[in-house]
Amino acid sequence: MNSKLAIRDLNIHFGDNHAVKNVAMEVAENSVTAIIGPSGCGKSTVLRSINRMHDLTPSARVTGTIMLDDTDIYGRSVDPVTIRRRVGMVFQKPNPFPAMSIYDNVIAGYKLNGVLKKGDADEIVESSLKRVALWDEVKDRLRTGAVELSGGQQQRLCIARTIAVKPEVILMDEPASALDPISTLKIEELIEDLKSKYTIVIVTHNMQQAARVSDVTAFFYIGELVEIGETRKVFTNPEKKQTEDYITGRFG
Amino acid sequence: MILRSITLRRTANLSATLLMGGATLLVLLPLIIIFYHIVKMGISSISLDFFTQIPKPTGEAGGGMANGIAGSAIMIGMASLVGLPIGIFGAVYLTEYGTGKLATAIRFCADVLSGIPSIITGMVAYSMLVVPLKGFSALAGSFALSLIMIPIVLRTTEEQLKMVPATLREASLALGVPLWRTSIKVTLRSALTGVITGVLLAIARVAGETAPLLFTALGNQFWSKKLTEPMAALPLQIFNFAISPYEDWHRLAWAGALVLVVLMFGLSLAARWLGRSKHS
Amino acid sequence: MQNSAQGIKGDAIFRGFTLLLACSIIVILLLMTAEMVKESLPAISRFGWRFISGSTWDAVQEEFASLPYLYGSIVSSILAILLATPLSIGTALFITELAPRKVGAATAALVELLAAIPSVIYGLWGILVMTPWLQSTIQPFLIEHFGFLPFFRGAPYGVSMLAAVFILMIMIVPIITSITKEVLMAVPSSQKEAAIALGATRWEMIRMAVLPYGRSGILGAVILGLGRAIGETMAVTMVIGNTPKISLSLLSPAYTMPSVIANEFAETTTKMHASALMEIGLILLFVTLVINFLARMLLWSVTRKWKGGVA
């Protein structure tokens, strides 16, 4: 498989705090990579660096390279907006736009950029909602507010919103941690399904979830990448002692 | 303190409680009295003529403050045209990029500026517009009002924008929407009711301003035909009529005060209502 | 999507544009100060220090000095603050510590309304209701019983320093109260609970935990109120009698800096007269700048509003 993302010498500082240290890893195309580790290990920080979300934090400093195909995400002439269109993100807490309807939320990426034809919109909304298996649940009330949906539905709506703008990579920051078990299951099924078209990187603190959904697992500890490998191998026969301690529940 | 007798401590507690309650009553009492007079005098003096007529010469009964109401509306409108965008987008800067020393300086200047007596704003508007244009004008009045508006709108808008959850901005940015579009279409849009609340309060504040109009708009007994002419304003008319010796004019002043107070409370009730419906 | 280069460029333009508008605040402040200084220069160079030490104000002879106005402003504001401060702190404590939630909220809302009433309406009420009442009741009473004091000598005019002090007090109480309320609400409840747990009565809790914690903030609120009182124009102009005379008696008419500007500025005939009024404005600006600077420093240290930005 081709490498979709290649991270090299990634260091992230927040002021004096060295949050991520010398991380190097690759993510294969059309795979699911899970990032696990105890809280505060820098896993979300790494994830957010992949679509330059740290640009918004003045104290944050990111060094190193992250290649998205042949583009250096932190290259001098690279527009973060272009990167974010290629690398979408789903957040921990569902965050649909409260002032918008379900319909408008799906096409928010286009609407907010002011580029969309009416005919295209209907098609994008339907195909995106079908893709996240939400279409049948909401097709009769597309014009109602998105906040009226349940938490699980909101999160699937957010995923639909993300895939509507046709990204290549989807980053998921603990996408099911605020949801009930049934909704979580649906999200996990969805991840499995989305893999055929997208490259997915998911941060989770739930090891069972990582084991269920991912092909590759990366274990982080205090800002460093301890181990990365095929998920089954990491969970059954880890190379490092720290990894073993963590997945067997001895710390974290 | 613990060693003092319990009776003494209870007495101290009781007297302090009574003093605080008494202070509150003393503070609210004038409010009630002032209201009583404005409502009583205002209602007995107000009529349809008040809204349709211009003031009559002294000695003639009747007349109204139609030109003052219109003048106030025009000047507040023009001041808003300049003051609101500056205040609102200045606040956007403070919210999106405002972490450095410059932003702190801007916030501080805004707070200090809103404490400067409005009569000084009037003097500045006089020397910057009235002198060069060779005459008192509605333009100069609007300019003075906009200077008063800007710091108020800036600070209230910033407060509102800061309350927009970061997750919404992130959602938009992660969709590949540039920061500037996110600011306008997500951050400002989400805080819209709050921003409008702030705008209403700022308008309420300048609607009652008199001192900055004294030597800018000057006032006018008649209808103004041009923005470069002196223009009547409701608070100016209330002032001029209140200090006059004529009973008829006093009655008009009371009626004007009632209209102004109703407008004020209408605006701040609307603001309050908007603020509440947002939180529910 | 088509417009992919708009990010960097659009954001730079937007940042520059909003920065420009935000900076207008600083520009306005500098411009106002510069304008006032420029326009005052003729008076400053002609009269020098005599402008604030003398008491002649003669537009015909073009001899201007501002002591009576300074005196009137200072005395009226200080007395108003002295009366308003205990009332305001009491009311703020009532709202935050004493009253049941709903009563407190209603009182706070009323106080806010009081703060929203325009100054010209206070003036209207002051001149048509309060001063006649002072003239017929309070002032004769003071003259009869306290006339031996220099503060209560003279005839009951109605319009007077006393009227200005009263109207100012009524006007600044809501301002000091609402800011003090904000300050008191910022006192952490752990502080109060600690005092209560030690067996303190409510008043002891206020004295031990609330007031010391809010001290600098309350001081800031009071100073801000002082700034308002000194700059207050319309209501004072309408009730103070507008007589440039320095008198110990509170029953005499007096004059303040903003009042003389309000009354004379639109009708100046000579450049020097206008410049002298500008210089009074400059003094007023300087005083209020210093006062607001101090007050905001004190208040910011309590409410920490400068810590904006990214969550």
Side-chain angles (χ1 to χ4, degrees), chain B residues 1 9 12-13 16-17 19-21 23-24 26-28 30-31 34 37 86 89-90 92-94 97-99 104 106-113 115-117 119-120 123-124 127-128 147 151 162 166 178-180 204 208 210-211 214-215 235 238-239 242-243 250 253 257 260-261 264 268, chain C residues 6-7 10-11 14-15 18-19 21-22 24-26 28-29 32 35 39 87 90-91 93-94 98 107 110 113-114 116-118 120-121 123-125 127-129 170 173 199 201-204 224 227 231 233-234 238 258 261-262 265-266 278 281 284-285 288-289 292-293 296 306 308-309 311:
Chain B
M1 187 178 290
R9 292 174 56 205
N13 191 42
T17 307
L19 279 175
M20 286 183 250
T24 309
L26 264 178
V27 166
L28 294 181
L31 173 76
I34 290 172
H37 282 116
I86 295 181
F89 283 100
V92 168
Y93 174 82
L94 292 181
Y97 312 99
T99 49
T104 308
I106 291 169
R107 288 189 186 97
F108 197 81
C109 284
D111 280 358
V112 169
L113 200 59
I116 288 179
I119 192 155
I120 292 184
M123 297 182 101
V124 171
S127 67
M128 286 179 69
L147 290 184
K162 269 199 303 206
L179 185 56
W180 67 276
T210 316
L214 284 171
F215 21 81
I238 296 173
F239 171 63
I243 58 172
H250 288 172
L260 199 52
V261 165
M264 228 74 190
S268 73
Chain C
Q6 65 177 9
D11 282 342
F14 187 67
R15 184 181 181 142
T18 54
L19 173 64
L21 296 185
S24 68
I25 288 284
I26 299 179
I28 290 171
L29 196 58
M32 284 177 79
E35 198 69 33
E39 298 293 325
L87 287 179
T91 307
L93 283 171
F94 176 82
L98 212 60
T107 312
L110 277 174
L113 283 187
L114 204 52
I117 296 179
V120 70
I121 291 184
L124 170 76
W125 179 79
I127 192 172
L128 296 183
V129 179
I170 295 174
V173 155
T201 62
R202 197 193 291 269
W203 168 238
E204 286 162 357
L224 209 63
T233 309
M234 304 315 298
M238 292 160 89
I261 299 171
F265 195 70
M278 279 286 186
L284 191 60
L285 176 67
T288 48
L289 275 181
N292 275 282
F293 192 83
R296 291 299 172 185
W306 73 89

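All values derive from a computational prediction rather than experimental measurement. Hydrogens, waters and symmetry mates play no part in the numbers below; they use all other heavy atoms, side chains included. So that the names make sense, note that chain A is the first sequence line, chain B the second, and so on, each numbered from 1.
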**Q** Name the member of C:Val173, C:Thr288, C:Leu110, C:Ile25 that forms the most heavy-atom pairs with chain B at distances under 4.5 Å.
**A** C:Ile25
**Q** Closest approach of C:Ala22 and B:Ile106, non-hydrogen atoms and distance?
**A** O-CG2, 3.6 Å
**Q** Measuring from C:Met234:CE to B:Ile243:CD1, what's the distance to the nearest 0.5 Å?
**A** 7.5 Å
**Q** Is chain B contacted by the side chain of C:Ile261, its backbone, both, or neither, given a heavy-atom distance below 4.5 Å?
**A** both
**Q** Do you know which two heavy atoms are closest between C:Ala262 and B:Phe215, and how far apart they sit?
**A** CA-CE2, 4.3 Å
**Q** Top residue by heavy-atom pair count (under 4.5 Å) with chain B, among C:Leu289, C:Leu224, C:Thr91?
**A** C:Thr91
**Q** Considering only heavy atoms, which portion of B:Met123 lies under 4.5 Å from any heavy atom of chain C: side chain, backbone, both, or neither?
**A** both
**Q** B:Pro117 and C:Leu284: which non-hydrogen atoms are nearest, and at how many Å?
**A** CG-CG, 4.1 Å
**Q** What distance do C:Phe265 atom CZ and B:Leu214 atom CG have between them, rounded to the nearest 0.5 Å?
**A** 11.0 Å
**Q** Which atoms of B:Pro30 are under 4.5 Å from chain C, going by heavy atoms: the side chain, the backbone, both sets, or neither?
**A** side chain
**Q** Contact part of C:Ile117 toward chain B, heavy-atom cut-off under 4.5 Å: side chain, backbone, both or neither?
**A** side chain
**Q** Check whether B:Ala204 gets within reach of chain C through its side chain, its backbone, both or neither, counting any heavy atom under 4.5 Å.
**A** neither
**Q** Exactly one of B:Val124, B:Ile116, B:Ile119 should register a side-chain contact (heavy atoms from CB on, under 4.5 Å) with C:Leu285. Which one does?
**A** B:Ile116
**Q** Heavy atoms, side chains only, cut-off 4.5 Å: are C:Met278 and B:Ser127 in contact?
**A** yes
**Q** Working to the nearest 0.5 angstrom, can you tell me the gap between C:Glu35 CD and B:Met128 CE?
**A** 5.5 Å
**Q** Which answer fits C:Ile127, side chain, backbone, both or neither, if we ask what part of it has an atom under 4.5 Å from a heavy atom of chain B?
**A** side chain
**Q** Nearest 0.5 Å please: distance from the CZ atom of C:Arg15 over to the OH atom of B:Tyr97.
**A** 6.5 Å
**Q** Provide the closest heavy-atom pair for C:Phe94 versus B:Met20 in the form atom of the first, atom of the second, distance.
**A** CB-O, 4.1 Å
**Q** Would you say that C:Phe14 contacts B:Val92 through its side chain, given a criterion of any heavy-atom pair below 4.5 Å between the two side chains?
**A** yes
**Q** Chain C heavy atoms under 4.5 Å from B:Leu26: which part of the residue, side chain, backbone, both or neither?
**A** side chain
**Q** How many angstroms lie between atom OG1 of C:Thr18 and atom CD1 of B:Ile86, to the nearest 0.5 angstrom?
**A** 13.0 Å
**Q** Got a donor-acceptor contact below 3.5 angstrom from the B:Asp111 side chain to the C:Arg296 backbone?
**A** no
**Q** Under 4.5 Å, counting heavy-atom pairs only, tell me which of C:Leu93, C:Leu128, C:Thr107, C:Ile28 racks up the most with chain B.
**A** C:Leu128
**Q** First locate atom CG of B:Leu113, then atom CD1 of C:Ile26, and finally report the distance between them rounded to the nearest 0.5 Å.
**A** 11.0 Å
**Q** Measure distances from C:Thr201 to the heavy atoms of chain B and classify the residue's part below 4.5 Å as side chain, backbone, both or neither.
**A** both
**Q** Taking all atoms of both residues into account, what is the closest heavy-atom pair of C:Asp11 and B:Trp180, and its distance?
**A** OD1-N, 2.8 Å
**Q** Does any heavy atom of chain B fall under 4.5 Å from the side chain of C:Ile121, the backbone, both, or neither of them?
**A** side chain
**Q** Taking side chain as C-beta onward, heavy atoms only, is C:Leu113 less than 4.5 Å from B:Ser268?
**A** yes
**Q** Shortest non-hydrogen contact from B:Ala242 to C:Met238?
**A** CB-CE, 3.5 Å
